[in-house]
Every structure is written in structure tokens, then in C-alpha cells.
Amino acid sequence: MSSSEWQSYTWKNELAEQRRRIIMHLGEALAEVETDNNPYHMLEKAVGLAAICMRRLIECRLVTDHFCATPLEVHEIMRKKDAEWREPFVSRTASEIFNNYDMTVRQLGRKTPKTISDKMLHARVIGVLSGSTYLPDGLLVASDTQSKKQLFHFSPREITDIFDAFLEDEVRQAYDGYLDQDGQFSGTGKVFATRK
């Protein structure tokens, strides 16, 4: 049997590629450019792959503990309070948006990197908003559990900033060991890991 230690460069390289693709396909969708592949289909794929990379960086402890605990800025569009919820068709990536959400305003919030990556990984809504009088052009994303409350809304710069936060975080010190039931550094039943 042979193996290796987890490395960040493999996942960061792929995340950087998916960041490039998301910006490219978002731009194609916004400009209504005719392409060989449907930019919406390519955007869905890139969002999913980027989310996997983000989750692997977190789960394999390839980003710092501080980064994981520090919320990132994200804008949210809230569900309309005065409209009956209209369940989107399963075959659609973003139907009933204007019926279900208040598309006239977004709120600035803060979410942990894991929360953002989880919502993107389990995206039930992936859409592109363009030509709004109220909101900047951008990407709409919401998980299945999130979608009945709000959507994430990212301008191209804002989604790039999220990915760059993952890409720029560097682990400089890593500690692994065992903890016993009393939290002492002994025994082999429970592992601890610290990343600085």
C-alpha cells in the first residue's frame, strides 16, 4: 500500500481553472454570445466543480483554521414575503425567480467558506441575472435547502473574490496528533489537526 499527504496545489489549480471558466461562461451568457456549447450548461458544470474544490480544500485541511472560521461577504436576495411560493420545475435550473424572490434589492451578509461551498455544491438554483434596473448583472446560486429563504447573488467581481480568498490562503504550519477522551495529547482514539 502506498499513499501521500493531501496537497493544496491540486485543488487550487482546479479551482483557478473553474474560476476562469465561470467568469468566461458568465460573460458569454450576459453578452448572449453564440458558442459551440451552451454557456448556461458550462456554467452549471463549473459551479459544481468549483464547489467540490472548495470543499476538498476545507475538508482536507488545506486552508488555515482562521480562514475557515472567518465569514466572507456574500450578497443575498430574499424570498418575497407577500407572494405565494411557486415551486420551480425540477428540470429547470432557475425558474420562478421573479415570482419567489424580491429582485429589487440584495442584502450584504457574511457566511463561512464552508457554508458558501456547501450551498454551491448542492445548488438547486443556478442562473444569470442581466439587465436589471435594481441589481448588477451576475450569478444566482442557491442550494435546495437555501432556496426557500434566499439566493446568493454574485457580480463577476464578487464571485472572483470568493474564489480568490480560497486560492490566496496559505497554510504555513500544520500540526496533527491524537487526543484522548479528556482532551489530552495521548491515546489513538481521536485525531486533532491545526492549520495556521
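We use all heavy atoms of the structure for the numbers below, so side chains are in, but hydrogens, waters and symmetry mates are not. All residue numbers in this chain count up from 1 along the given sequence.
With W11 as the aromatic partner, R55 does not meet the cation-pi criteria of under 6.0 angstrom to the ring centre and within 45 degrees of the ring axis.
Taking a cutoff of 4.0 Å between a charged side-chain nitrogen and a carboxylate oxygen, E59 and K114 do not qualify as a salt bridge. Under 4.0 Å is where a charged nitrogen must lie from a carboxylate oxygen, and between E5 and R61 no such pair does. Between R195 and D169, no side-chain nitrogen of the basic residue sits less than 4.0 Å from a carboxylate oxygen of the acidic one, so the salt-bridge criterion is not met. Ion pair R157/D164 flagged as a salt bridge, since at least one NZ, NE, NH1 or NH2 atom sits closer than 4.0 Å to an Asp/Glu carboxylate oxygen.
Minimum interatomic distance between T160 and R19 (heavy atoms only, all atoms of both residues): CG2-CD, 4.0 Å. Shortest non-hydrogen contact noted between I116 and M54 is CG2-CE, 4.2 Å. The two residues I58 and S117 have their closest heavy-atom pair at CD1-OG, 3.9 Å. The two residues I22 and A50 come nearest to each other via the heavy atoms CD1-CB, 4.1 Å. Closest non-hydrogen pair, G48 versus L121, comes out as O-CD1, 4.2 Å. Between T64 and V171 the shortest heavy-atom distance is N-CG2, 3.8 Å.
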After noting the C-alpha distance and the side-chain angles of R86 and N100, does the key distance pass the side chain to side chain contact (heavy atoms under 4.5 Å, CB included) rule?
-> CA-CA 7 Å; R86 190 176 292 166; N100 293 337; 3.7 Å; yes
E14 and C53: side chain to side chain contact (heavy atoms under 4.5 Å, CB included), yes or no, with the steps?
-> CA-CA 7 Å; E14 187 62 30; C53 295; 3.5 Å; yes
Test M42 against M24 for side chain to side chain contact (heavy atoms under 4.5 Å, CB included), laying out the working first.
-> CA-CA 10 Å; M42 298 297 101; M24 179 180 72; over 6 Å; no
Begin with the C-alpha distance, continue with both residues' side-chain angles, and end with the deciding distance and a verdict on side chain to side chain contact (heavy atoms under 4.5 Å, CB included) for E96 and Y101.
-> CA-CA 8 Å; E96 305 304 334; Y101 304 98; over 6 Å; no
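V47 and L72 fall within a single hydrophobic cluster, where Ile, Leu, Val, Met, Phe, Trp and Tyr side chains are chained together by heavy-atom contacts under 4.5 Å. Taken together through direct or relayed side-chain contacts under 4.5 Å among Ile, Leu, Val, Met, Phe, Trp and Tyr, M103 and V74 form parts of separate hydrophobic clusters. Transitive grouping of hydrophobic side chains (ILVMFWY, heavy atoms separated by less than 4.5 Å) keeps F163 and L140 in distinct clusters. In terms of hydrophobic clustering, with Ile, Leu, Val, Met, Phe, Trp and Tyr side chains grouped at heavy-atom distances under 4.5 Å, L26 and V33 are assigned to different clusters. Grouping the Ile, Leu, Val, Met, Phe, Trp and Tyr side chains by contacts below 4.5 angstrom, directly or via other members, places I97 apart from F152.
For the pair Q150 and I77, the minimum side-chain heavy-atom distance is 4.5 Å or more. Side-chain atoms of L57 and K12, non-hydrogen and from C-beta on, do get closer than 4.5 Å to each other. By the 4.5 Å heavy-atom criterion applied to side chains, C68 and V63 are counted as neighbours. Within the 4.5 Å cutoff, no side-chain heavy atoms of E73 are placed close to those of D161. Taking the side chain as every heavy atom from C-beta outward, I126 and L139 approach each other to under 4.5 Å. No side-chain heavy atom of Q146 sits less than 4.5 Å from a side-chain heavy atom of L151. Put simply, the side chain of Y40 does not reach to within 4.5 Å of the side chain of H25, judged on heavy atoms. The shortest side-chain heavy-atom distance between D102 and M78 does not fall under the 4.5 Å cut-off.
Taking OG of S3 as the reference point, atom CH2 of W6 lies at 9.5 Å (rounded to 0.5 Å). Atom CG of L129 and atom CG of L30 lie 8.5 Å apart (nearest 0.5 Å). Rounding to the nearest 0.5 angstrom, the gap separating the CZ atom in R110 from the OG1 atom in T115 is 12.5 Å. Here H75 contributes atom NE2 and I159 contributes atom CD1; the two are 12.5 Å apart, rounded to the nearest 0.5 Å. Summarising the geometry, atom CZ belonging to R106 is positioned 7.0 Å from atom CG belonging to L135; distances are rounded to the nearest 0.5 Å. Rounding to the nearest 0.5 angstrom, the gap separating the CZ atom in F67 from the OG1 atom in T112 is 9.5 Å.
D176 places no side-chain N or O within 3.5 Å of a backbone atom of A193 that could act as its donor or acceptor partner. The closest donor-acceptor contact from the side chain of R172 to the backbone of K196 lies at 3.5 Å or more, if one exists at all. Formation of a donor-acceptor pair under 3.5 Å by the E158 side chain with backbone atoms of S155 is found in this model. A donor-acceptor contact shorter than 3.5 Å is absent between the side chain of D137 and the backbone of G27.
Considering only residues two or more places apart in sequence or on other chains, A83 meets the side-chain contact (heavy atoms from CB on, under 4.5 Å) condition with K80. Scanning for salt bridge (Lys or Arg N to Asp or Glu O under 4.0 Å) contacts around E87 gives K148, with sequence neighbours left out.
Residue pairs that meet the side-chain hydrogen bond (donor to acceptor under 3.5 Å, both in side chains) test with at least one member in residues 42-52, sequence neighbours left out, do not exist here.
Counting non-hydrogen atoms of neighbouring residues, nucleotides and ligands closer than 6.0 angstrom, the CH2 atom of W85 exceeds 12 such neighbours. The local environment of CZ in R20 is crowded, with over 12 non-hydrogen atoms from other residues, nucleotides or ligands closer than 6.0 Å.
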